[in-house]
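As a basis for the values below, the full set of heavy atoms in this structure was taken, side chains included, without hydrogen atoms, waters or symmetry mates. As the structure is a computational prediction, the values presented were derived from the model and not from experiment. Throughout, residue positions are numbered sequentially from 1 according to the sequence presented.
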Amino acid sequence: MDRYLVFGHPVRHSKSPFIHTLFARQTQQELEYGLAEPAVDEFAQALRTFFDQGGKGCNVTVPFKEQAFTLVDCLSSRAKRAGAVNTIKLTDDGVLLGDNTDGAGLVADLKSHGVTLADSRILLLGAGGAARGALAPLLAELPSELVIANRTHTKAQQLAAEFCDLGPVTAQTYEQLAGPFDLVINSTSASLQGELPPLAPALIHTDIAIYDMMYGASDTAFISWAKQHGARQSMDGLGMLVEQAAEAFTVWRGIRPGTKQVLRELKRNLGVI
């Protein structure tokens with residue numbers, strides 16, 4: 001039986017085993033998928049041990065994505081751009097391949113909701129690892145402009161400079177932002193604390209699409225705020241979670257699972273529906 005894991009700390013809350021078990025059942029793949037929660041300073045050894053003992057692949061989540069980037073033998077182009085690895089595959093010739101499926105998962109989820117990215121004006125809130133992973137896939141969809149806003153403006157400037165070869169990306173302070181935007185993506189973790197990015201309510205309009213990478217059993221703080229100010233289309237990151245997992249499953253198994261039914265099952269599991 002091929003073995004897969006998700007590494008994180010903490011990781012007991014992870015829905016990855018639930019998702020990948022459903023993917024395996026759907027595609028008739030024989031595998032088992034578990035959790036690993038090594039101490040922060042023991043991740044490298046735990047990763048080596050897992051593959052030495054016959055592991056085939058793993059997912060990597062907080063706080064190990066940047067460390068995983070340094071531990072694999074080779075990197076996909078999207079992992080290089082993201083500066084982080086969330087998916088590792090042991091290839092047939094014994095090489096550990098590091099990949100990053102987060103941005104692809106985001107784009108796939110946006111498209112599944114009918115959001116048009118080409119020629120759109122996108123506002124990306126935050127300049128951390130989540131934003132970095134999203135930038136290249138978003139710019140590949142050819143938006144008219146992608147604006148990064150972050151509390152620490154220099155971080156947004158650095159990120160925009162790093163990705164400007166891929167498309168029209170700029171950095172602005174929250175005070176500089178001027179609409180209209182077609183899509184706002186919150187990549188910050190503010191919603192986990194029930195907090196909000198300092199975004200002016202005037203930027204929200206009825207035709208805007210709102211996306212929060214965080215998720216929960218009810219609307220995140222950011223989604224609730226956007227709805228209060230007139231946004232009619234809002235999405236949380238649960239679909240992104242499933243889509244990035246499907247991308248990772250494809251990397252490992254060479255077969256792409258369907259996501260709609262798995263997302264419905266996950267929502268039912270979380271009590272969302």
Side-chain angles (χ1 to χ4, degrees), residues 1-24 29-105 126-134 155 187-193 213-216 237-238 240-242 244-253 266 269-270:
M1 181 80 72
D2 289 344
R3 292 175 54 234
Y4 296 85
L5 285 177
V6 55
F7 285 94
H9 192 98
V11 79
R12 280 162 286 181
H13 66 285
S14 174
K15 294 301 179 182
S16 292
F18 180 87
I19 294 168
H20 283 287
T21 297
L22 291 180
F23 284 161
Q29 297 284 299
E30 292 190 7
L31 59 87
E32 59 181 31
Y33 189 107
L35 301 170
E37 191 175 280
V40 174
D41 60 351
E42 295 176 357
F43 169 62
Q45 182 58 53
L47 186 70
R48 282 193 293 270
T49 299
F50 170 65
F51 283 108
D52 287 346
Q53 294 178 350
K56 294 293 186 181
C58 65
N59 289 126
V60 182
T61 188
V62 176
F64 300 130
K65 291 183 182 183
E66 286 76 21
Q67 193 176 351
F69 183 87
T70 69
L71 295 173
V72 295
D73 300 314
C74 63
L75 295 161
S76 71
S77 59
R78 54 191 180 184
K80 289 178 183 176
R81 275 291 186 176
V85 161
N86 80 330
T87 300
I88 301 176
K89 175 185 179 178
L90 180 65
T91 66
D92 292 340
D93 53 1
V95 171
L96 287 185
L97 169 67
D99 201 350
N100 191 303
T101 65
D102 286 331
R132 175 180 291 275
K155 286 188 68 176
S187 77
T188 75
S189 59
S191 287
L192 292 178
Q193 290 80 42
M213 289 190 187
M214 302 299 110
Y215 62 87
L238 198 60
M240 176 182 172
L241 175 68
V242 175
Q244 67 81 23
E247 187 75 12
F249 192 93
T250 307
V251 170
W252 294 328
R253 309 299 294 185
L266 180 58
N269 178 264
L270 289 170

S.K.: Is it the case that more than 12 heavy atoms not belonging to Gln193 sit under 6.0 Å from its CD atom?
M.R.: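 Result for CD/Gln193: enclosed.
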
S.K.: Is it true that Gln53 and Thr49 share a donor-acceptor pair across their side chains at a distance under 3.5 Å?
M.R.: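 Per modelled atom types, Thr49 and Gln53 side chains form no pair under 3.5 Å.
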
S.K.: Can you name the nearest heavy-atom pair linking Gly83 to Glu66, along with the distance?
M.R.: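 Nearest pair, atom of Gly83 first, then Glu66: O-CG, 4.0 Å.
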
S.K.: So how far is it from Leu22 CG to Leu266 CG, rounded to the nearest 0.5 Å?
M.R.: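 CG of Leu266 is found 8.5 Å from CG of Leu22.
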
S.K.: Is the backbone N or O of Leu96 less than 3.5 Å from a side-chain atom of Asp73, with the two atoms forming a donor-acceptor pair by type?
M.R.: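 Yes; judged by distance alone, with no hydrogens or angles, the pair exists.
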
S.K.: Once you round to the nearest 0.5 Å, how far does CZ of Phe18 lie from CG of Leu241?
M.R.: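 Rounded to the nearest 0.5 Å, the CZ-CG separation comes out at 11.0 Å.
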
S.K.: Would you indicate whether Asp93, at its atom CG, is surrounded by more than 12 heavy atoms from other residues, nucleotides or ligands within a distance under 6.0 Å?
M.R.: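 Counting neighbours around CG of Asp93, more than 12 heavy atoms of other residues, nucleotides or ligands fall under 6.0 Å, so yes.
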
S.K.: Might you work through the side-chain contact (heavy atoms from CB on, under 4.5 Å) test for Thr61 and Asn86, ending with a clear yes or no?
M.R.: CA-CA 6 Å; Thr61 188; Asn86 80 330; over 6 Å; no

S.K.: What do the steps show when you test Met213 against Met240 for side-chain contact (heavy atoms from CB on, under 4.5 Å), and what is the final call?
M.R.: CA-CA 7 Å; Met213 289 190 187; Met240 176 182 172; 4.0 Å; yes

S.K.: Is any side-chain heavy atom of His20 closer than 4.5 Å to a side-chain heavy atom of Trp252?
M.R.: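 In short, these two side chains touch, coming nearer than 4.5 Å.
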
S.K.: Could you label the plane-to-plane angle of the Phe23 and Phe249 rings as parallel, tilted or perpendicular, counting under 30° as parallel and over 60° as perpendicular?
M.R.: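 Answer is perpendicular, since the angle exceeds 60°.
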
S.K.: NZ of Lys15: more than 12 outside heavy atoms within 6.0 angstrom?
M.R.: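 Yes, NZ of Lys15 has more than 12 neighbouring heavy atoms, counting only those of other groups under 6.0 Å.
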
S.K.: Side-chain donor-acceptor pair under 3.5 Å between Thr101 and Glu247, yes or no?
M.R.: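 Per modelled atom types, Thr101 and Glu247 side chains form no pair under 3.5 Å.
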
S.K.: With distance as the sole criterion, is a donor-acceptor pair present between the side chains of Asp99 and Ser76 under 3.5 Å?
M.R.: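 Per modelled atom types, Asp99 and Ser76 side chains form a pair under 3.5 Å.
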
S.K.: Work out which heavy atom in His9 is nearest to a heavy atom in Glu37; give both atom names and the distance.
M.R.: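 Shortest heavy-atom separation between His9 and Glu37 comes out as ND1-CG, 3.5 Å.
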
S.K.: Do the side chains of Glu32 and Tyr4 get nearer than 4.5 Å, heavy atoms only?
M.R.: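 Tyr4 vs Glu32: side chains apart.
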
S.K.: Report the C-alpha distance between Leu97 and Val72 in whole Å, list the side-chain angles of each, state the deciding distance to 0.1 Å, and finish with yes or no for side-chain contact (heavy atoms from CB on, under 4.5 Å).
M.R.: CA-CA 6 Å; Leu97 169 67; Val72 295; over 6 Å; no

S.K.: Could you report the tightest heavy-atom contact between Ser187 and Gly126, atom names first, then the distance?
M.R.: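 Where Ser187 meets Gly126 most closely, the heavy atoms are OG-CA, 3.7 Å.
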
S.K.: State, yes or no, whether a side-chain contact exists between Val60 and Thr87 at a heavy-atom distance under 4.5 Å.
M.R.: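 Answer no - side chains too far apart.
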
S.K.: Rounded to the nearest 0.5 Å, what's the gap from CG on Leu90 to CZ on Arg3? Could you check?
M.R.: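 So the gap between those two atoms works out to 12.0 Å.
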
S.K.: Let me confirm one number: the CD-CZ distance from Glu30 to Arg253, rounded to the nearest 0.5 Å.
M.R.: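 So the CD of Glu30 and the CZ of Arg253 are separated by 9.0 Å.
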
S.K.: For residues Asn59 and Tyr33, is any side-chain donor paired with an opposing acceptor at under 3.5 Å?
M.R.: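 There is such a pair (donor and acceptor under 3.5 Å, judged by atom type) between the side chains of Asn59 and Tyr33.
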
S.K.: Among Arg132, Lys65, Arg78, whose side chain to side chain donor-acceptor pair (under 3.5 Å) with Asp102 holds?
M.R.: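 Passing option: Lys65.
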
S.K.: Nearest 0.5 Å please: distance from the CG atom of Leu35 over to the CZ atom of Phe7.
M.R.: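 These two atoms lie 10.5 Å from each other.
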
S.K.: If we only count heavy atoms from C-beta on, is the Phe51 to Cys58 side-chain gap below 4.5 Å?
M.R.: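 Contact flag for Phe51/Cys58 side chains = yes.
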
S.K.: Distance check, rounded to the nearest 0.5 Å: Ile88 atom CD1 versus Leu47 atom CG?
M.R.: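 Separation between the atoms: 4.5 Å.
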
S.K.: Please report the shortest heavy-atom distance between Val85 and Ala79, naming the atom on each side.
M.R.: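 For Val85 versus Ala79, the nearest heavy atoms are CG2-CB, 4.1 Å.
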
S.K.: Grab the two heavy atoms, one from Asn100 and one from Ala84, that are nearest each other, plus how far apart they are.
M.R.: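 For Asn100 versus Ala84, the nearest heavy atoms are ND2-O, 3.0 Å.
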
S.K.: How close do Val40 and Gln67 get, heavy atom to heavy atom, and via which atoms?
M.R.: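 Heavy atoms of Val40 and Gln67 come nearest at O-OE1, 4.0 Å.
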
S.K.: Decide if the gap between the ring center of Phe43 and the ring center of Phe64 is smaller than 6.0 angstrom.
M.R.: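 So the answer is yes for these two rings.
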
